[in-house]
Amino acid sequence: MITIILKDGSRKNYDHPVTIQEIVKDISPGLARAAVAAQLDGRVTDLNTTVEEGEHTLNILTLDSDEGMSVYRHTTAHVLAQAVKRLFPQAKLAIGPSIENGFYYDFDVDKPFTAEDLETIEKEMKKIVKEDLKLERYELPRDEAITLMEQMNEPYKVELIKELDDDAVISFYKQGDFVDLCAGPHLPSTGKIKAMKLLNVAGAYWRGDENNKMLQRIYGTSFSKKSLLNEYLKRLEEAKKRDHRKLGKELDLFSIHEEGPGFPFFHPKGMIIRNSLENFWREEHAKRGYQEIKTPIILNRELWIKSGHWDHYKENMYFTQIDDMDYAVKPMNCPGSMIIYKRKIHSYRDLPIRMGELGLVHRHELSGTLHGLMRVRNFTQDDAHIFMTPDQVRDEILGVIELVDYVYGVFGFKYHIELSTRPDNSMGSDEEWEMATNALEEALRAKNLDYKVNEGDGAFYGPKIDFHLEDCLGRTWQCGTIQLDFQMPERFDLSYIGQDGEKHRPVMIHRVVFGSIERFIAIITEHFAGAFPVWLSPVQVKLLSITDRSNEYILKLEKRFKEAGFRVETDLRNEKIGYKIREAQMEKVPYMLVIGDKEVESQKVAVRMRKGGDAGVMDVEEFISLLRKKIDNKEID
RNA sequence: GCUGAUGUAGCUCAGUAGGUAGAGCACUUCCUUGGUAAGGAAGAGGUUCACGGGUUCGAUUCCCGUCAUCAGCUCCA
């Protein structure tokens with residue numbers, strides 16, 4: 001007797017052996033169509049699995065779930081491998097997992113795949129789907145598994161099997177002429193795959209280790225419907241359109257040159273965005289009791305030895321010599337802050353001291369990882385160091401969390417939080433780390449915030465809370481971080497005089513909100529697709545003349561707007577209005593004012609908005625107060 | 001850093017099977033004074049095709065090297 005308990009608690013009984021697929025069909029034909037795999041007694045398994053005697057819980061995985069999609073894409077990866085093996089029989093298989101939004105498969109081949117190869121492979125995959133091959137699972141004892149893979153000339157698979165635990169089940173999946181070592185589960189047959197696409201090829205090291213051989217990785221994705229695939233492809237295209245490197249060039253915000261790889265140049269328009277962000281930052285920090293400092297970019301070797309950077313961060317630092325003495329270009333701002341803290345004796349009454357610094361740091365990043373403003377070799381951290389007594393820690397962390405929450409809200413970003421714990425190669429004792437980690441967790445719990453834990457991902461001097469914001473395309477970016485540090489105060493022998501008249505050791509927080517100003521600009525450029533909110537727009541208003549009869553009035557308006565503090569440009573060129581509008585629109589200017597005889601006559605302005613077009617005629621002062629309100633409230637249009 | 005692709009006018013790109021380069025946009029001048037996403041004409045623009053070598057009578061084109069850019073190198077059968 002077989003008893004199946006379904007998700008809703010209902011039961012089904014069978015007096016003969018059944019496969020999960022048959023059970024699903026009994027439940028509903030609709031579910032049978034959507035099903036990709038199942039959880040039998042909590043374990044993920046194939047639909048082809050035959051259920052054994054006894055009582056079982058059964059949960060069907062469909063394409064609505066992440067697990068379901070992952071199975072679906074994993075099977076697509078197998079189809080890819082099969083296609084490659086048919087076309088390139090000498091190719092050796094490595095691994096082929098499903099990943100977020102798709103899958104990949106690594107192959108060892110003599111010649112890298114070309115774009116044309118991808119097309120051919122994709123065609124072959126479609127053939128395999130059409131053949132609707134059944135995926136059959138079977139298990140083999142270790143020796144036989146190794147012999148099989150050796151016979152098939154698959155050295156990577158042999159290596160994988162040899163590394164499996166002694167008691168591990170070694171399973172294979174067979175579809176037609178193709179067999180692959182795989183834990184599964186898989187779709188019942190290749191015909192279930194409805195829409196797929198190979199996206200690109202790239203080199204990837206075997207097991208991600210650069211000492212190993214470089215394999216060829218083919219990336220692809222698959223969806224349950226053609227329309228979903230197209231939607232996904234559209235999103236990729238949209239991301240490409242919004243690429244800050246492209247928009248940065250088109251909108252003339254910044255540039256990067258051969259003369260300084262990873263060292264961005266900011267143009268006048270980029271500087272307006274930058275300065276607007278920094279002004280906003282300064283205002284918000286002043287409100288919250290921060291002082292601002294600026295520390296030098298180059299400091300001597302002793303300092304970096306004392307701070308621990310010399311031992312823990314050397315590969316990322318730049319060095320120089322002055323009068324035969326060793327110096328380093330700062331990769332972080334904290335040691336400079338230490339020196340400022342130490343300039344005088346502090347009373348407990350002075351604490352907490354919140355010292356902010358928009359500090360330019362330099363870090364040596366591998367040349368292959370540089371990426372526009374996202375990954376650079378010099379950038380400005382919106383840093384701050386908070387020095388406090390141990391019993392102030394919680395409130396200070398809460399204060400930073402509140403600040404981050406407020407700032408991200410202004411840009412319309414959602415975010416999530418991650419907590420990173422002690423890494424290898426770190427300073428300090430286990431007790432200190434535990435205390436620090438607990439303090440961060442307590443603050444998160446006090447705010448009732450959800451968070452994910454990343455073991456071993458902390459800084460070398462302390463654990464951290466990271467804020468990952470989510471842009472309008474659903475991509476996440478790590479920006480803000482709060483790092484608790486018991487090490488630096490110790491190393492620099494920081495102290496304050498307590499109520500008892502004795503010296504005590506302060507605790508310190510490092511924290512950033514934007515993270516890097518440069519990267520934040522990249523993120524908002526992509527988030528807003530270059531159409532920045534008015535308060536950030538390099539040009540807020542553009543005055544467009546229809547004929548030169550209105551020039552005089554326009555110049556008067558320009559003066560008035562400048563007095564009002566707006567960033568305004570005029571276009572008096574001898575061009576048609578459509579031409580001028582098109583240009584202003586492409587520059588993504590939020591407000592265009594079209595001025596012709598009628599406006600001169602009525603002493604008004606005809607407003608055209610970047611989004612929404614013609615907004616009708618308005619009184620000049622009325623427009624000014626409207627714009628001022630939008631700017632002051634940092635409205636997003 | 002590694003693998004692969006790419007590097008031609010300010011921008012986007014074409015091109016030469018090796019015989020000293022072209023389009024569109026932008027720019028300049030002229031005509032046009034025209035109401036909500038490109039009016040017309042003419043002109044200028046490359047120290048000559050990222051840089052350095054090599055092959056060749058001759059290289060932007062072929063070969064080697066360097067630099068830069070782009071994609072990936074984290075997701076573990």
Side-chain angles (χ1 to χ4, degrees), chain A residues 70 74 77-78 81 93-106 111-115 145 149 154 156-164 168-173 179-184 186 199-219 240 243 245-246 249-250 252 255-262 315 364-372 454 457 544-551 572-587 592-599 606-610 612-617:
Chain A
S70 159
H74 190 179
H78 274 225
L93 303 175
I95 56 168
S98 73
I99 51 174
E100 206 184 336
N101 295 322
F103 61 86
Y104 67 78
Y105 212 112
D106 287 346
K111 266 189 288 179
F113 294 115
T114 63
M149 284 299 119
E154 296 289 1
Y156 298 98
K157 298 291 180 187
V158 172
E159 190 180 327
L160 290 169
I161 296 171
K162 284 184 174 162
E163 282 176 20
L164 289 173
V169 176
I170 300 172
S171 58
F172 290 85
Y173 277 80
V179 177
D180 195 1
L181 169 75
C182 184
H186 276 285
L199 298 170
N200 49 354
V201 214
Y205 300 105
W206 169 235
R207 324 210 103 176
D209 183 339
E210 64 179 344
N211 299 313
N212 289 338
K213 187 166 180 186
M214 169 79 63
L215 308 174
Q216 287 295 310
R217 175 171 296 179
I218 298 182
Y219 282 92
K240 224 185 241 173
D243 191 317
R245 291 167 300 183
K246 183 170 172 285
K249 196 185 277 181
E250 286 171 6
D252 199 19
S255 55
I256 298 174
H257 303 264
E258 290 208 8
E259 290 82 348
E315 327 74 71
H364 181 74
E365 301 289 350
L366 293 179
S367 59
T369 62
L370 301 178
H371 183 94
N454 293 326
D457 243 5
L544 313 177
S545 64
I546 290 177
T547 73
D548 49 19
R549 288 191 297 279
S550 44
N551 285 3
L572 304 180
R573 289 175 306 171
N574 181 8
E575 292 291 348
K576 289 199 168 166
I577 193 64
Y579 183 89
K580 297 184 183 182
I581 286 173
R582 181 185 144 84
E583 204 169 275
Q585 190 76 41
M586 288 196 307
E587 287 165 16
M592 292 159 252
L593 301 184
V594 177
I595 312 293
D597 292 338
K598 283 187 264 177
E599 288 70 28
V607 181
R608 184 182 214 279
M609 295 193 290
R610 169 176 66 189
D614 197 341
V617 178

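Every chain is numbered from 1 and lettered A, B, ... according to where its sequence line falls, protein lines coming before strand lines.
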Heavy-atom donor-acceptor pair, A:R549 side-chain to B:U33 base, under 3.5 Å: no
B:C70 phosphate, OP1 or OP2, under 4.0 Å from A:R245 side-chain N/O: yes
Nearest-Å distance once atom P is located in both B:G15 and B:A42: 26 Å
Rounded distance (nearest 0.5 Å) linking atom CD1 of A:I218 with atom OH of A:Y104: 13.0 Å
B:G39 versus B:A14 - spacing of their P atoms, nearest Å: 27 Å
B:C2: pairing nucleotide in any strand, Watson-Crick or G-U under 3.5 angstrom: B:G72
Sugar-phosphate only, base, or nothing, as touched by A:K249 at under 4.0 Å among non-hydrogen atoms: sugar-phosphate
Pair assignment for B:G22, Watson-Crick or G-U wobble, requiring both distances under 3.5 Å: B:C13
Minimum heavy-atom distance between A:V158 and A:M149, given as atom pair plus value: CG2-CB, 3.6 Å
Sugar-phosphate only, base, or nothing, as touched by A:P97 at under 4.0 Å among non-hydrogen atoms: nothing
C1' gap between B:U8 and B:U60, integer Å: 7 Å
B:G7 pairs with, by Watson-Crick or G-U criteria that keep both distances under 3.5 Å: B:C67
Nearest listed nucleotide, side chain of A:K598, among B:A38, B:G35, B:G1: B:G35
5′-ward residue of the pair A:T547/A:I581 relative to RNA chain B: A:T547
Touch class at under 4.0 angstrom, heavy-atom based, for A:E583 against every strand present: nothing
Identity of whatever pairs with B:U36 - Watson-Crick or G-U, under 3.5 angstrom: none
Sugar-phosphate only, base, or nothing, as touched by A:H371 at under 4.0 Å among non-hydrogen atoms: sugar-phosphate
A:H78 and A:Y173 aromatic ring geometry - parallel, tilted or perpendicular at 30°/60° bounds: perpendicular
Phosphate OP1/OP2 of B:G1: any A:S367 side-chain N/O under 4.0 Å: yes
Side-chain heavy atoms of A:M592 within contact of A:Q585, under 4.5 Å: yes
Value in whole Å for how far the C1' atom of B:A38 lies from NZ of A:K576: 10 Å
B:G10 to B:U28 separation - C1' atoms, rounded to the nearest Å: 14 Å
Distance, rounded to the nearest Å, where A:I577 contributes CD1 and B:U36 contributes P: 9 Å
N/O donor-acceptor pair, side chain A:E599 with base B:G35, under 3.5 angstrom: yes
N/O (side chain, A:Y219) to phosphate O (OP1/OP2, B:C73) under 4.0 Å: yes
Partner nucleotide, any strand, of B:C62 [Watson-Crick/G-U, under 3.5 Å]: B:G54
Min side-chain heavy-atom separation A:D597-A:I546 under 4.5 Å: no
Stepwise side-chain contact (heavy atoms from CB on, under 4.5 Å) check, A:D548 with A:L572: CA-CA 7 Å; A:D548 49 19; A:L572 304 180; over 6 Å; no
Sugar-phosphate, base or nothing in reach of A:D597, heavy atoms under 4.0 Å: base
Side-chain N or O of A:Y579 closer than 4.0 Å to phosphate OP1/OP2 of B:A26: yes
Between B:G1 and B:C25 - P atom distance, rounded Å: 40 Å
Pairwise side-chain contact, A:L160 with A:I95, heavy-atom cut-off 4.5 Å (strictly under): yes
Sugar-phosphate only, base, or nothing, as touched by A:I546 at under 4.0 Å among non-hydrogen atoms: base
Distance, C1' atom - from B:C62 to B:C70, rounded to whole angstrom: 25 Å
Residue A:D614, side-chain heavy atoms: nucleotide from B:A77, B:C67, B:U36 that is nearest: B:U36
Pairing partner of B:U47 (Watson-Crick or G-U wobble, both distances under 3.5 Å): none
Sugar-phosphate, base or nothing in reach of A:L215, heavy atoms under 4.0 Å: nothing
Watson-Crick or G-U wobble mate for B:A41, both contacts under 3.5 Å: B:U29
Heavy-atom neighbours of A:E100 CD exceed 12 at 6.0 Å: no
Value in whole Å for how far the P atom of B:C2 lies from CD of A:E365: 17 Å
Minimum-distance nucleotide to A:I95 side chain [options: B:G34, B:C67, B:C76]: B:C76
Proximal nucleotide (of B:A68, B:C73, B:A37) relative to the A:Q585 side chain: B:A37
Between P of B:C25 and CD of A:E587, the distance in whole Å: 18 Å
N/O (side chain, A:R573) to phosphate O (OP1/OP2, B:C27) under 4.0 Å: yes
Whole angstrom value for the distance that separates C1' of B:G1 from NE2 of A:H364: 8 Å
Gap between atoms CG and P, on A:L366 and B:C70 respectively (whole Å): 15 Å
Donor-acceptor contact present, side-chain A:K580 to main-chain A:S545, <3.5 Å: yes
Atom-to-atom span, CG of A:D243 to P of B:U12 - whole angstrom: 12 Å
Span that lies between the P atom of B:C11 and that of B:C75, in whole angstrom: 37 Å
Intermediate values then yes/no, side-chain contact (heavy atoms from CB on, under 4.5 Å), A:L215 and A:W206: CA-CA 6 Å; A:L215 308 174; A:W206 169 235; 3.8 Å; yes
Sugar-phosphate only, base, or nothing, as touched by A:Y205 at under 4.0 Å among non-hydrogen atoms: base
Sugar-phosphate, base or nothing in reach of A:S545, heavy atoms under 4.0 Å: nothing
Sugar-phosphate only, base, or nothing, as touched by A:A94 at under 4.0 Å among non-hydrogen atoms: nothing
Sugar-phosphate, base or nothing in reach of A:G613, heavy atoms under 4.0 Å: nothing
Touch class at under 4.0 angstrom, heavy-atom based, for A:R608 against every strand present: base
Length of the CD-C1' vector between A:E575 and B:C25, whole Å: 13 Å
Pairwise P distance, B:A5 and B:G46 [rounded to whole Å]: 32 Å
